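For clarity, every value in this text was computed on a predicted model and none was experimentally measured. For the single chain, residues carry numbers from 1 onward in sequence order.
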Amino acid sequence: MRPDPTSAVPPPSLPPGSSVAKPAIVYALLFGAVAAYAPYIAVYLRSRGLELETVGVLIALQAAVGLVAAPAWGALADRRGDVRGPILVSSLLAAGAAVLLGAVSGPLLLAGSIALVATGMAGITPMVDSRAVRLVGRRERFGRARAWGSAAFIVAAFATGAAIGSFGPEGMFVLYAPLIAATGVAAFALLRLRDEEWGQRSNDPPSPGGRRPTTRSTFSLGTISGAIRQPIIGRFFIGSVIVWTAFATLQTFVSLRVIQLGGDATTVGATWSLGALVEIPLMFAFPNLARRFGAERLLIIGAMAFAVRAAGVALAPTPWLVVAVSPAGGVGFAFFYVGTVTWVAGALPRSIQATAQGIFTGTAVSIGAIGGAILGGLIGGALSLPVLFLVAAVGHAVGAIVVWQAVGRRPAGGGQLG
């Protein structure tokens with residue numbers, strides 16, 4: 001393997017830092033919204049009088065909707081040739097559905113509302129990812145923009161906890177709805193590609209006078225399905241699903257393990273936040289690390305770091321040892337997620353980038369969330385949570401091997417497939 005040779009090519013002459021600052025603002029708003037929602041949605045649903053089994057079904061429904069919605073939003077964006085409009089629409093849909101979710105009760109109304117939230121939310125991250133990669137100029141610089149999302153996650157998670165303390169479980173929507181709506185507005189205003197970014201940064205031949213190329217997206221379902229059927233891409237997708245399934249088993253049940261070991265809400269909060277804290281410097285460092293070691297190697301290191309964390313949680317005899325191994329999860333997420341976005345950006349054609357990112361960072365994650373919740377409940381209930389986490393560690397290792405068989409044979413810097 002070798003690092004992406006494009007990393008040595010200087011970016012076009014643009015104002016220093018502007019290419020990273022704009023997507024960084026969008027990521028901060030987006031993952032501030034995620035922090036207001038993801039850690040607390042189960043608590044909110046439980047407060048509405050639902051049984052634990054029903055809460056689990058609704059969270060699985062959310063992932064199932066994302067399985068379809070993420071690539072659908074990406075396909076729409078690719079057909080339009082611009083992600084900004086779809087991001088704005090999807091974010092406003094998520095915000096409006098969140099207001100509805102905070103006002104209704106009863107399993108059916110809650111299910112309908114949560115499905116609408118998931119429909120809007122599912123495609124936002126992949127669409128922002130696909131545009132951020134182009135704005136930052138060099139793919140490895142993507143992590144520097146994405147790191148601000150992790151920083152905002154930590155702040156918003158604690159702020160949402162305070163809001164819930166003041167307003168009850170519905171307090172999560174006091175922050176989530178405006179933050180996700182602001183994400184769409186900011187994306188529409190900030191993620192526009194200028195003429196030089198459409199040409200030089202996307203590697204398109206510049207048009208006469210440096211004007212924006214007029215060629216529309218050549219997206220078709222046959223194009224993306226053909227790319228996925230290629231052995232390298234197909235293996236990478238399968239490996240990603242395995243990794244994210246193992247990841248979901250731990251994320252879904254790690255809080256229960258902390259409580260089981262005698263921890264409290266503070267310990268649970270530390271368990272979730274410490275990994276995000278570690279992600280920040282690693283995402284900033286990703287460009288230098290990728291140039292030195294290659295994004296492909298960082299992908300594998302990330303998957304194995306997930307395995308280390310899962311094994312550590314399984315073997316930890318105290319809740320604070322669970323917290324102590326949480327940084328390995330931050331290493332895993334920073335390297336595997338950013339590495340995936342970086343590799344896909346180099347491996348697949350520009351005309352299907354939003355769809356491709358939706359499949360690899362949307363669909364694969366959603367499949368993993370569904371499988372992890374179902375398998376985790378079955379294994380944890382039958383054999384115990386420590387056994388479940390050991391199985392997750394093995395799953396991460398298997399996923400790492402499958403991904404290595406794909407990316408280890410063809411570096412992202414070797415040119416686009418298809």
Side-chain angles (χ1 to χ4, degrees), residues 38-39 42 56 59-60 62-64 66-67 70 125 234-258 260 271-272 274-276 278-279 282 296-316 321-323 325-341 343-344 359-408:
I59 292 176
Q62 180 174 280
L67 183 66
T125 299
R235 287 193 203 100
F236 187 20
F237 180 76
I238 292 171
S240 295
V241 169
I242 295 172
V243 169
W244 291 120
T245 299
F247 177 81
T249 62
L250 189 141
Q251 291 294 91
T252 303
F253 298 101
V254 67
S255 296
L256 296 179
R257 180 59 176 162
V258 170
Q260 187 182 71
T271 300
W272 280 82
L274 193 55
V278 171
E279 292 169 17
L282 291 180
E296 306 81 22
R297 288 190 178 94
L298 297 182
L299 269 167
I300 309 308
I301 293 172
M304 294 308 299
F306 279 147
V308 169
R309 184 197 180 191
V313 172
L315 300 175
L321 285 178
V322 174
V323 176
V325 298
S326 294
V331 174
F333 189 84
F335 286 170
F336 196 81
Y337 186 88
V338 177
T340 294
V341 173
W343 196 88
V344 168
I359 287 174
F360 278 91
T361 61
T363 301
V365 174
S366 295
I367 293 174
I370 296 168
I374 295 173
L375 293 175
L378 292 173
I379 296 172
L383 301 176
S384 79
L385 290 179
V387 172
L388 169 62
F389 297 137
L390 288 175
V391 172
V394 173
H396 282 305
V398 171
I401 292 171
V402 176
V403 171
W404 176 257
Q405 289 178 336
V407 302

Please tell me if the side chains of Thr245 and Val241 come closer than 4.5 Å, counting only heavy atoms from C-beta onward. yes
For a quick test of your reading: what N or O donor-acceptor pairs under 3.5 Å do the side chains of residues 379-389 make, sequence neighbours left out?
unit_1, atom_1, unit_2, atom_2, d
Ser384, OG, Val387, N, 3.4

What distance separates Arg235 CZ from Ile401 CD1, expressed to the nearest 0.5 Å? 14.0 Å
Paired with Phe336, the side chain to side chain contact (heavy atoms under 4.5 Å, CB included) test is passed by just one of Val403, Ile301, Leu298, namely Val403
First locate atom CZ of Phe247, then atom CZ of Arg309, and finally report the distance between them rounded to the nearest 0.5 Å. 7.0 Å
Side chains of Trp244 and Tyr337 in contact at under 4.5 Å (non-hydrogen atoms): yes
Can you name the residues that form a side chain to side chain contact (heavy atoms under 4.5 Å, CB included) with Ala316, not counting sequence neighbours? Leu321, Val322
For the student: nearest non-hydrogen atoms of Ala334 and Leu282, plus distance: CB-CB, 3.8 Å
Which heavy atom of Val243 sits nearest to which heavy atom of Ala303, and what is that distance? CG2-CB, 4.2 Å
Sequence neighbours excluded, the answer for side chain to side chain contact (heavy atoms under 4.5 Å, CB included) partners of Ala63 is Ala369, Ile370
How far does CZ of Arg297 sit from CZ of Phe335, to the nearest 0.5 angstrom? 13.5 Å
By side chain to side chain contact (heavy atoms under 4.5 Å, CB included), Ala305 pairs with (sequence neighbours left out) Val331
Between Met304 and Ala400, which heavy-atom pair has the shortest distance, and what is it? SD-CB, 3.7 Å
Where do Ile242 and Val402 land on the side-chain contact (heavy atoms from CB on, under 4.5 Å) test, with the steps shown first? CA-CA 9 Å; Ile242 295 172; Val402 176; 4.2 Å; yes
Mind listing the closest non-hydrogen atom pair of Ala311 and Ala393 along with its distance? N-CB, 3.8 Å
Val313 side chain reached by Val325 side chain, heavy atoms, under 4.5 Å: yes
Looking at CZ of Phe333 and OG1 of Thr340, how far apart are the two atoms once the value is rounded to the nearest 0.5 Å? 9.5 Å
Where Ala392 and Ala246 come nearest, the two heavy atoms and their spacing: O-CB, 3.4 Å
Where do Pro327 and Val278 come nearest, in terms of heavy atoms and distance? CB-CG2, 3.6 Å
